[in-house]
Participant: 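Here it is, the structure in full.
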Amino acid sequence: MASGAATGVDSGSDSGLEAPLPDDFAGRLVRWQRLHGRHGLPWQGTRDPYRVWLSEIMLQQTQVATVLDYYPRFLARFPDVAALAQAPLDDVLALWAGLGYYSRARNLHGCARRVMADWGGVFPARAADLVTLPGIGVSTAAAIAAFCHGERISILDGNVQRVLARHRGLDEDFSRAAPRRELQRLADALVPHASEMPVYTQALMDLGATRCTPRQAACDVCPVRRDCIALAQGRVHELPRKARATVQKVWAHALLLHAHCDCAGLWHVALVQRPATGVWSGLWTPPLLDEAQQAQRRAHAPPIRAHEAFLHVLTHRRWFLTPWLCATRGGDLPDAVALGLDGDQAAAMRWWTLDQAAGLALPAPVRARWLGWMEELTAA
DNA sequence: AAGTCGGGGAC
DNA sequence: GTCCCAGACTT
């Protein structure tokens, strides 16, 4: 389809996929990128696959401004793939805590070990091989291959979908497989010579992130406005079509903050490590008590100081968390049963000193309130 | 194809 | 409040 359209024969359809390929699309983007693209980000100016890979994983569904806080710290602690592979997973999670999507950290660590074990410590160059590694999907594989090795392969992340959907005037739901394949074919037909792949790939991303934005697109300074179908039709703000919203479920748990002061006057706090799957996987949290477990805990002394619940919103959940504060003193550290825990959480519970706890991988809403809770628990 | 997985930036 | 971000993985 694309080759026939490139001859300049317009089928008469208003579909951007069947229209002629835009002339010099990549060239215009490349020239724009050199002048107006984003430069100087910490993961730019290198073709080191480790650094590019790390940035791509961190940037999955995560904005640049957020990653800027994490990337340098992570790189300083794990300067190369060997250092990352050698580290315990808990050390990786501790540096990832707060970034979200914690399976990324688990897969990152697994990927580093696979690169060491199966690839001699060198990331494979081709996207087809990269995509076999944990945590690297088609989008990330294409980005690494294009940035580091100039592979002629198209990326199709959220930014690029928006740019192409608008420029070709494609009013389809790209969360569906068939329209997505069509868009992929278009993107494939637009890739330039290998020598321009790194800057072209960056250009598409930068245009989507800084000009062709979801709202209030800056079409007046767009390098491809000349033949943008959405702009000509006055439909920029309508594209791409939105997929239907997901339904949020409601959760409610008590968050049991139990601190114990031992005979030496040293404070400890009980935390449980979350399982490898599910929300906050691998992170350490105060025990989470559902309704039955709350009843179980209420049957025990000592008493609880309950705070007002706070709301924590995740993509699919509205989560009401009620902090329960409890301080005890003297003797041995209470066991999990004494705290009212059962089964899995009892097995996953550990006592930590406050200094130790501060260095663990804590979820963002726990980290944000941690010092206040500890201060209240250890006061008087 | 649909559901699961965080947190925050920008509006 | 809203939308969505350099998506991957499981079912």
Side-chain angles (χ1 to χ4, degrees), chain A residues 37-38 41-44 51-71 93 96-108 110-111 130-148 154-163 173-181 187 198 200-210 212-217 237 240-249 251 274-283 285 311-319 361-368:
Chain A
R38 293 180 292 188
L41 294 172
W43 45 87
Q44 295 178 327
R51 296 185 175 221
V52 173
W53 164 69
L54 176 61
S55 76
E56 290 299 331
I57 302 299
M58 285 190 168
L59 286 161
Q60 288 169 4
Q61 295 294 290
T62 308
Q63 295 184 349
V64 167
T66 302
V67 173
L68 285 174
D69 290 338
Y70 288 81
Y71 184 81
L93 280 168
W96 201 273
L99 252 187
Y101 287 141
Y102 298 101
S103 63
R104 288 188 295 176
R106 179 175 302 276
N107 287 330
L108 189 87
C111 182
L130 286 165
V131 81
T132 68
L133 294 168
I136 300 183
V138 289
S139 182
T140 299
I144 297 171
F147 280 136
C148 297
S154 57
I155 55 169
L156 208 55
D157 55 48
N159 282 324
V160 181
Q161 285 181 38
R162 187 170 55 255
V163 170
D173 177 3
F174 295 109
S175 67
R176 295 166 103 45
R180 197 178 180 81
R181 278 193 298 271
Y200 171 72
T201 302
Q202 189 67 54
L204 270 177
M205 293 177 168
D206 286 2
L207 189 68
T210 68
C212 196
T213 53
R215 291 175 290 195
Q216 291 195 312
H237 62 287
R241 187 198 296 184
K242 288 187 284 269
R244 82 186 185 309
T246 57
V247 179
Q248 284 187 317
K249 298 174 181 174
W251 273 359
R274 304 276 298 168
T277 59
V279 173
W280 292 345
S281 63
L283 271 61
T285 75
L311 174 64
H312 184 62
V313 177
L314 296 82
T315 303
H316 301 80
R317 273 174 233 300
R318 296 172 61 78
W319 199 357
L362 304 177
V366 174
R367 171 71 68 187

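Note that the structure is predicted; figures quoted are calculated from it, not measured. Atoms considered below: every heavy atom in the structure, side chains included; atoms not considered: hydrogens, waters and symmetry mates.
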Participant: Just compare C/dA6, B/dC11, B/dT4 and give me whichever is closest to any side-chain atom of A/His316.
Facilitator: B/dT4
Participant: A/Gln161 has an atom CD; how far is it from atom P of C/dC4, in whole Å?
Facilitator: 12 Å
Participant: Of all the choices, C/dT2, B/dC5, C/dC5, which nucleotide is nearest to the side chain of A/Arg215 once you look at every atom?
Facilitator: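 Comparing C/dT2, B/dC5, C/dC5 against the side chain of A/Arg215, the answer is C/dT2.
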Participant: C/dA6 C1' sits how many Å from A/Tyr101 OH, rounded?
Facilitator: 14 Å
Participant: Can you figure out which of B/dG8, B/dA2, C/dA8 approaches the side chain of A/Gln60 most closely?
Facilitator: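 Selected nucleotide (nearest to the side chain): C/dA8.
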Participant: Closest approach to the side chain of A/Asn107, judged atom by atom: which nucleotide of C/dC9, C/dC5, C/dA6 is it?
Facilitator: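 The answer is C/dC9, which lies nearest to the side chain.
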Participant: With a non-hydrogen cut-off below 4.0 angstrom, is A/Trp53 in contact with a base, only sugar-phosphate, or nothing?
Facilitator: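 No contact at all - A/Trp53 keeps every heavy atom at 4.0 Å or more from the nucleic acid.
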Participant: Give a yes or no on this: more than 12 heavy atoms of other residues, nucleotides or ligands lie within 6.0 Å of atom CZ of A/Arg318.
Facilitator: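 Result for CZ/A/Arg318: open.
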Participant: Using only side-chain N and O atoms of A/Trp319, determine if any of them is under 4.0 Å from OP1 or OP2 of B/dG6.
Facilitator: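 So the side chain of A/Trp319 is outside the cut-off, no N or O lying under 4.0 Å from OP1 or OP2 of B/dG6.
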Participant: Take atom CD of A/Gln61 and atom P of C/dC4, then tell me their distance rounded to the nearest Å.
Facilitator: 11 Å
Participant: Could you tell me whether the side chain of A/Thr315 has a donor or acceptor atom within less than 3.5 Å of a complementary atom in the base of B/dG7?
Facilitator: no
Participant: What nucleotide, of B/dA1, C/dA6, C/dC5, holds the atom closest to the side chain of A/Gln63?
Facilitator: C/dC5
Participant: Within the 3.5 Å criterion, strictly below it, is a donor on A/Arg162 or A/Asn159 matched to an acceptor on the partner's side chain?
Facilitator: yes
Participant: Report the residue (A/Gln216 or A/Val247) whose heavy-atom-nearest nucleotide on DNA chain B is the more 5′ of the two.
Facilitator: A/Val247
Participant: Taking the side chain of A/Met205 as its heavy atoms from C-beta onward, which of C/dG7, C/dA6, B/dG9 lies nearest to it?
Facilitator: C/dA6
Participant: Can we call the ring centroids of A/Tyr71 and A/Trp43 under 6.0 Å apart?
Facilitator: yes
Participant: Rounded to the nearest 0.5 Å, what separation is found between the CD atom of A/Gln202 and the CG atom of A/Leu207?
Facilitator: 11.5 Å
Participant: Can you find a donor-acceptor pair, distance only, under 3.5 Å between A/Arg38 side chain and C/dA6 base?
Facilitator: yes
Participant: Looking at B/dG7, B/dC5, C/dG7, which one has an atom nearest to any side-chain atom of A/His312?
Facilitator: B/dG7
Participant: Could you check which of B/dG6, C/dA6, C/dC3 has an atom nearest any side-chain atom of A/Lys242?
Facilitator: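 Within the option list, the nearest is C/dC3.
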Participant: Give the C-alpha distance, both sets of side-chain angles, the deciding distance and a yes or no for side-chain contact (heavy atoms from CB on, under 4.5 Å) between A/Ile57 and A/Tyr101.
Facilitator: CA-CA 10 Å; A/Ile57 302 299; A/Tyr101 287 141; over 6 Å; no
Participant: Send over the distance from A/Tyr71 OH to C/dA6 P, rounded to a whole Å.
Facilitator: 16 Å
Participant: Give a yes/no answer on whether the side chain of A/Arg367 brings an N or O atom under 4.0 Å of OP1 or OP2 in B/dG7.
Facilitator: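 Indeed not, no polar side-chain atom of A/Arg367 lies that close.
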Participant: Roughly, in whole Å, what's the span from CZ in A/Arg106 to P in B/dC5?
Facilitator: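 Checked: the CZ to P distance equals 14 Å.
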Participant: Can you tell me, in whole Å, how much space there is between the C1' of B/dG9 and that of C/dA8?
Facilitator: 22 Å
Participant: Output, in order, the C-alpha distance, side-chain angles, deciding distance and verdict of salt bridge (charged side-chain N to carboxylate O under 4.0 Å, His left out) for A/Asp173 and A/Arg241.
Facilitator: CA-CA 6 Å; A/Asp173 177 3; A/Arg241 187 198 296 184; 5.9 Å; no
Participant: May I have the distance from A/Leu68 (atom CG) to B/dA10 (atom C1'), rounded to whole angstrom?
Facilitator: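 That distance rounds to 16 Å.
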Participant: Could you check how far OH of A/Tyr102 sits from C1' of C/dT10, rounded to whole Å?
Facilitator: 20 Å
Participant: Remember a base hit wins even if backbone is also touched, and classify A/Ser103 as base, sugar-phosphate or nothing at under 4.0 Å, heavy atoms.
Facilitator: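 No contact.
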Participant: Taking only the side-chain nitrogens and oxygens of A/Thr140, find out if one of them lies under 4.0 Å from OP1 or OP2 of C/dA8.
Facilitator: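 For A/Thr140, the contact criterion (side-chain N or O under 4.0 Å from OP1 or OP2 of C/dA8) is met.
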Participant: Looking only at the side chain of A/Val279 (C-beta and beyond, no hydrogens), which of the listed nucleotides B/dA10, C/dG1, B/dG6 gets closest?
Facilitator: B/dG6
Participant: Strictly below 4.0 Å: does A/Arg317 bring a side-chain N or O up to OP1 or OP2 of B/dC5?
Facilitator: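 Checking B/dC5 against A/Arg317, a side-chain N or O does come within under 4.0 Å of OP1 or OP2.
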Participant: When the distance from CG of A/Asp173 to P of B/dA1 is rounded to whole Å, what number comes out?
Facilitator: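 Spelled out: CG on A/Asp173 to P on B/dA1 is 10 Å.
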